[in-house]
Amino acid sequence: MTIAAQIKDIAFKALKNLFPEADMQASMITVNQTKPEFTGDYTVVLFPFVKLLRQKPDELGKQLGDYLVANHGDLFTSYAIVSGFLNLTVQDSYWASFLTKEYNNTAFGEKPKNGKKVMVEYSSPNTNKPLHFGHLRNIFLGYAMADVLKANGYDVIKANLINDRGIHICKSMIAWMRYANGATPQSTGIKGDHLVGDYYVKFNDIYKAEIKQLVEGGMAEATAEKEAPIMKEAQDMLRKWEAGDKEVYSLWETMNGWVYEGFNESYKRLGVDFDKMYYESNTYLLGKSLVEEGLSKGVLFKKEDGSVWIDLTADGLDQKLLLRSDGTSVYMTQDLGTAQLKYNDHNGLHQSIYVIADEQNYHMQVLKLILQKLGEPCADGIYHLSYGMVELPSGRMKSREGTVVDADDMMDEMISMSRQQTEEAGKTEGFTQEELDRLYYTIGMGALKFYLLRVDPKKKMIFDPKESIDLHGFTATFIQYAHARICSILRKEGLSLLPDSNTFASFTLTQGITTAEKKLAVSLEQYPAILENAATEYNPSLLCNYCFALAQQFNSFYDEHSISKAENEEKKQLRLMLIVMTAQTMRHAMKLLGIALPEKM
RNA sequence: GGUCCGGUAGCUCAGUUGGAUAGAGCAUCAGCCUUCUAAGCUGAGGGUCAUUGGUUCGAAUCCAAUCCGGAUCACCA
């Protein structure tokens, strides 16, 4: 239990003892960290009890403060009351024993296995174009969320649902057949996903030109959009694909294969992976049996033309189509089936998390609601981890129009920028070329991931490609640098990083600890609570904020105190424990975000 | 039009189970490297927390209304 929670507990019991007849609840107690301008470490807010206990705040504070110091002298040294706030000063020995106990605990903050299975579906790309910057936000979020949940005791399955069929895939295929002259990734040296994406863009160029021509010939635009020859070809191809046409199917397999090779390369570079792949070509017919079931249960209804619907107007939503009048399914139908499939594949899931952009909020809300109405056991576990789109200053990225920031290009750029800045700072000495390449990768990718993870997922973000991502301030680089500094100190002291770090002899505190020392200890003590919050709020950005603040505190501490030349042995050991644990905690948190911290930079 | 999300410093963002004088980073300005890594540290300036009203001892945080921006409401996926 964190110190803040302990204080809340203790203060509640104290008030119960002092005022046995009053009707109080634990939720009335607020415990905050004391503001730096006042003396004290933690603050109990007294106002909520003033009316109930008919006491003036300051008198109440005095009684409570006296009681706490008298009965919990092991925890508190003293208290001060400032206009309704009871500021408690925690014994230095508390921090010392916390450190002694936890500094070499490599699992600090983690929770024991809880036996609950959670699926995190993320990435889920279309196979007609390469990954772009917006996908990166999805990928980093999903990967981080999975690891955060693991650290909180869940059994996590990382899933990727690949959208490998449909009209958009046929568009690339048609354009390739028409214009590629048999070009392959091998013959052109172009990465497979990019090659296919180029023909997707090509399709749209031709399509637009054909529409224009038809409109000039006197056709209405809406009609032209349907009648354009290349579009009809694509639709024809989709029908052939669904009918299992050998030639079409074989081209489809070939081109998807190119894309997968490209994606795998990108995933590897991004440092992410999946435990389970789903393909829409296998799942797109699912869900029909659920519809049948829903009809027989009377949850769904059939219109005169044969189409099947659900009426959600009572829930403040609309009517939603689930089967077309020709009996074919729609997107929602297959999603219903896939939700059920995921659940059954894993013998039940405690939770199924979908990392999907916020433009699908409505869709996901409807999906969950329909499954609930159908009484499906998978329904309640569905959680939509919704995130805001990444936009350019000019608006949304549109791959159809080629106005996207490509993910592979972005990685290249970040790595080359970190190379450039490292060289400019003259920090390349003492590294082999191989070590330098790894360092540039670590810094570049770290900066990229942190940039996309540091913002609250639900907020949309604007990225200006003209402005490069910074390596100063609120960045991964800042945290990596603090870590490298710690490693440097440890190297000089002949100590190595955890888990190999030497254990110290027993430690007894005989001197006071300084403000900078205490601040670090206080922050470290909060890590388990932060890690838990990141999971319950589905928000990895909390870890970014935490790590940055921790690194800031370390940097101030480092500036103020010498570790190797500490005033005496006791101070030296205390500070070594502090920095070992700081490095360990930063590594732990950043690892969950998929960000590595170099030992030298 | 209905529903949902957002609006905090010049810019990018923290802060919302209601707590003290609203915080960081970037940018600007001024300091700090013969001493453990200056990718750092210290300090300064910069705010009508979109607006108005309400609830309360206390509101960026809760409620209501309004304004602005975005998403969504397809026999598309």
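Treat the numbers as computed from the prediction; the structure is a model and nothing was measured. In what follows, chains are A, B, ... by sequence order, proteins preceding strands, each numbered from 1. Heavy-atom basis, side chains included; hydrogens, waters and symmetry copies ignored.
In B:rC33 the base sits syn relative to the sugar, since the glycosidic angle is no further than 90° from 0.
The side-chain hydrogen bond (donor to acceptor under 3.5 Å, both in side chains) analysis of residues 441-454 of chain A, with sequence neighbours excluded, yields no pairs. The list of side-chain hydrogen bond (donor to acceptor under 3.5 Å, both in side chains) pairs with a residue in residues 471-483 of chain A, not counting sequence neighbours, reads A:His483-A:Arg587. Residue pairs meeting the salt bridge (charged side-chain N to carboxylate O under 4.0 Å, His left out) criterion with at least one member in residues 38-52 of chain A, sequence neighbours excluded: A:Asp41-A:Lys518. Listed by first then second residue, pairs satisfying salt bridge (charged side-chain N to carboxylate O under 4.0 Å, His left out) with a partner in residues 317-330 of chain A number zero, not counting sequence neighbours.
Rounded to whole Å, the C1' atom of B:rC32 lies 49 Å from the corresponding atom of B:rA71. Separating the C1' atom of B:rC29 from that of B:rG45 is a span of 8 Å, rounded to the nearest Å. For the P atoms, the distance from B:rA38 to B:rG46 is 31 Å, rounded to whole Å. Taking atom C1' on both nucleotides, B:rC11 is separated from B:rC76 by 38 Å, rounded to a whole Å. Between B:rG2 and B:rA9, the two P atoms lie 29 Å apart (nearest whole Å). Only the C1' atoms considered, B:rA60 is 7 Å distant from B:rU8, to the nearest whole Å.
Annotated stems with RNA chain B as a participant read B:1-7 with B:67-73, B:10-13 with B:23-26, B:28-32 with B:40-44, B:50-54 with B:62-66, given as range with range, by first number; only runs of 3 or more Watson-Crick or G-U pairs under 3.5 Å qualify.
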Tabulate protein N/O versus nucleotide N/O from nucleotides 55-65 of chain B, keeping only pairs under 3.5 Å, one per line.
| residue | atom | partner | partner atom | Å |
| --- | --- | --- | --- | --- |
| B:rC57 | OP1 | A:Lys51 | NZ | 3.0 |

Please list, pair by pair, any protein nitrogen or oxygen found under 3.5 Å from a nitrogen or oxygen in nucleotides 7-13 of chain B.
| residue | atom | partner | partner atom | Å |
| --- | --- | --- | --- | --- |
| B:rG7 | OP1 | A:Lys459 | NZ | 3.3 |

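When the salt bridge (charged side-chain N to carboxylate O under 4.0 Å, His left out) test is applied to A:Lys373, the partners found at least two apart in sequence or on another chain are A:Asp315. Qualifying salt bridge (charged side-chain N to carboxylate O under 4.0 Å, His left out) partners for A:Lys600, counting only residues two or more places apart in sequence or in other chains: none. When the side chain to side chain contact (heavy atoms under 4.5 Å, CB included) test is applied to A:Asp164, the partners found at least two apart in sequence or on another chain are A:Thr127, A:Ile162, A:Trp252, A:Asn256, A:Tyr260, A:Tyr279, A:Glu280, A:Ser281. Shown here are the side chain to side chain donor-acceptor pair (under 3.5 Å) partners of A:Arg239, two or more places apart in sequence or in another chain: there are none. Judged as a ring-ring contact (aromatic ring centres under 6.0 Å, His included), and not counting sequence neighbours, A:Tyr79 has no contacts.
Residues A:Ser488 and A:Gly166 both approach RNA chain B. Their nearest nucleotides, taken by heavy-atom distance, put A:Ser488 toward the 5′ side. Comparing A:Ile563 and A:His472, the nucleotide of RNA chain B nearest to each residue sits closer to the 5' end for A:Ile563.
Evaluation of A:Phe548 against the base of B:rA24 yields no stacking contact (centre distance < 5.5 Å, interplanar angle < 30° required). Under the stacking definition used here (centres under 5.5 Å, planes under 30°), the residue A:Phe478 fails to qualify as stacked on the base of B:rA39.
Panel note: side chain A:Asn138, backbone A:Ser123; a donor-acceptor pair is recorded below 3.5 Å.
For the residue pair A:Ser523 and A:Gln553, a side-chain donor N or O sits within less than 3.5 Å of a side-chain acceptor on the partner.
Contact annotation for A:Asn539: no contact, since no heavy-atom pair falls under 4.0 Å across all strands. Within 4.0 Å of A:Gln552, counting heavy atoms only, lie sugar-phosphate atoms of the nucleic acid but no base atom.
The separation between A:Gln553 atom CD and B:rA24 atom C1' is 12 Å, rounded to whole Å.
In summary, A:Glu567 and A:Arg575 engage in a salt bridge, as defined by a charged side-chain N under 4.0 Å from a carboxylate O.
Note on A:Arg324: a side-chain N or O is less than 4.0 Å away from OP1 or OP2 of B:rA77. Between A:Thr422 and B:rA39 there is no side-chain N or O to OP1 or OP2 distance below 4.0 Å. Taking side-chain N and O atoms only, A:Tyr481 has a distance below 4.0 Å to OP1 or OP2 of B:rA39.
Residue A:Thr475 places no side-chain atom within donor-acceptor reach of the base of B:rA39, judged by atom type and a 3.5 Å distance cut-off alone. The base of B:rA20 sits within donor-acceptor range of the side chain of A:Asn87, with an N or O pair under 3.5 Å.
Of the options A:Leu141, A:Val355, A:Asp358, a side-chain contact (heavy atoms from CB on, under 4.5 Å) to A:Pro457 is made by A:Leu141 and by none of the others.
Looking at the side chain of A:Lys565, the nearest of the listed nucleotides B:rU37, B:rU35, B:rA24 is B:rU35. Nearest nucleotide to the A:Asp559 side chain, out of B:rC41, B:rA39, B:rA20: B:rC41.
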